[in-house]
A.B. asks: 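Let me give you the structure first, and then I'll get to my questions.
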Amino acid sequence: MSVRVRYFAAAADAAGTDAEERGESSLAGLRRAVVADHPALGGILDRCAVLVDGTRRDDDAPLDGATHVDVLPPFAGG
C-alpha cells in the first residue's frame, strides 16, 4: 500500500520536495515518519491542515485505500 503525500508552500520548502510516495498505514504513523525523514517539518506540521483524499483529518485516520494526503500550511492574506 502506498499513498502520495503532496506538500504545499512552506511545507514543501521544509520537506525539500512537493510530493513523495509513502507506505505508512495510519495518519499518525505518517506524521511521525515524515518528521523523522524531513526534520524541518517538525516546526510546522502541527499547524498544517492535513487532508486525506480531500477531507481534513486531525485524528489517527487509517490510510488503507487512501490515494493522497495533502499537507497545507496556514495561508495569510485574502
Side-chain angles (χ1 to χ4, degrees):
M1 180 210 62
S2 150
V3 65
R4 184 151 184 86
V5 179
R6 301 182 297 190
Y7 303 99
F8 294 86
D13 291 342
T17 186
D18 62 352
E20 64 181 333
E21 296 294 322
R22 303 294 307 203
E24 289 77 24
S25 62
S26 71
L27 190 53
L30 176 70
R31 287 175 184 267
R32 285 189 301 273
V34 298
V35 169
D37 290 348
H38 311 291
L41 277 173
I44 65 167
L45 189 58
D46 288 343
R47 295 182 310 224
C48 291
V50 177
L51 285 69
V52 177
D53 289 338
T55 301
R56 185 175 179 149
R57 301 300 298 254
D58 294 319
D59 58 358
D60 183 18
L63 296 178
D64 296 336
T67 60
H68 64 273
V69 173
D70 295 326
V71 180
L72 305 160
F75 294 95

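Throughout, numbering of the chain's residues begins at 1 and tracks the sequence.
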A.B. asks: Determine which pairs satisfy side-chain hydrogen bond (donor to acceptor under 3.5 Å, both in side chains) with at least one residue from residues 39-52, sequence neighbours left out, and list them in order.
C.D. replies: none
A.B. asks: Heavy atoms only: give me the nearest A14-A40 pair and the separation to one decimal.
C.D. replies: O-CB, 3.6 Å
A.B. asks: List the residues meeting side chain to side chain contact (heavy atoms under 4.5 Å, CB included) with A33, not counting sequence neighbours, and say none if there are none.
C.D. replies: R22, E24
A.B. asks: Considering non-hydrogen atoms only, spot the tightest contact between S26 and G29 and give its length.
C.D. replies: OG-N, 3.1 Å
A.B. asks: So, using side chain to side chain contact (heavy atoms under 4.5 Å, CB included) as the criterion, who are the partners of A61 when residues are at least two apart?
C.D. replies: L27, R57, D59
A.B. asks: Any side-chain heavy-atom pair from C48 and P73 closer than 4.5 angstrom?
C.D. replies: yes
A.B. asks: If you compare all heavy atoms of Y7 against all heavy atoms of L41, which two are closest, and at what distance to 0.1 Å?
C.D. replies: CE2-CD1, 3.8 Å
A.B. asks: Taking only residues two or more places apart in sequence, or in another chain, which ones meet T67 in a side chain to side chain donor-acceptor pair (under 3.5 Å)?
C.D. replies: D53
A.B. asks: Please step through side chain to side chain contact (heavy atoms under 4.5 Å, CB included) for the pair D37 and E20, ending with a clear verdict.
C.D. replies: CA-CA 11 Å; D37 290 348; E20 64 181 333; 5.5 Å; no
A.B. asks: How far apart are the closest heavy atoms of H38 and A15, and which atoms are they?
C.D. replies: ND1-O, 3.1 Å
A.B. asks: Show every salt bridge (charged side-chain N to carboxylate O under 4.0 Å, His left out) that has at least one partner inside residues 4-18, sequence neighbours left out.
C.D. replies: R4-E21, R6-D70
A.B. asks: Over all heavy atoms of both residues, which pair between A66 and V52 is shortest? Give the atoms and the distance, please.
C.D. replies: CB-CG1, 3.8 Å
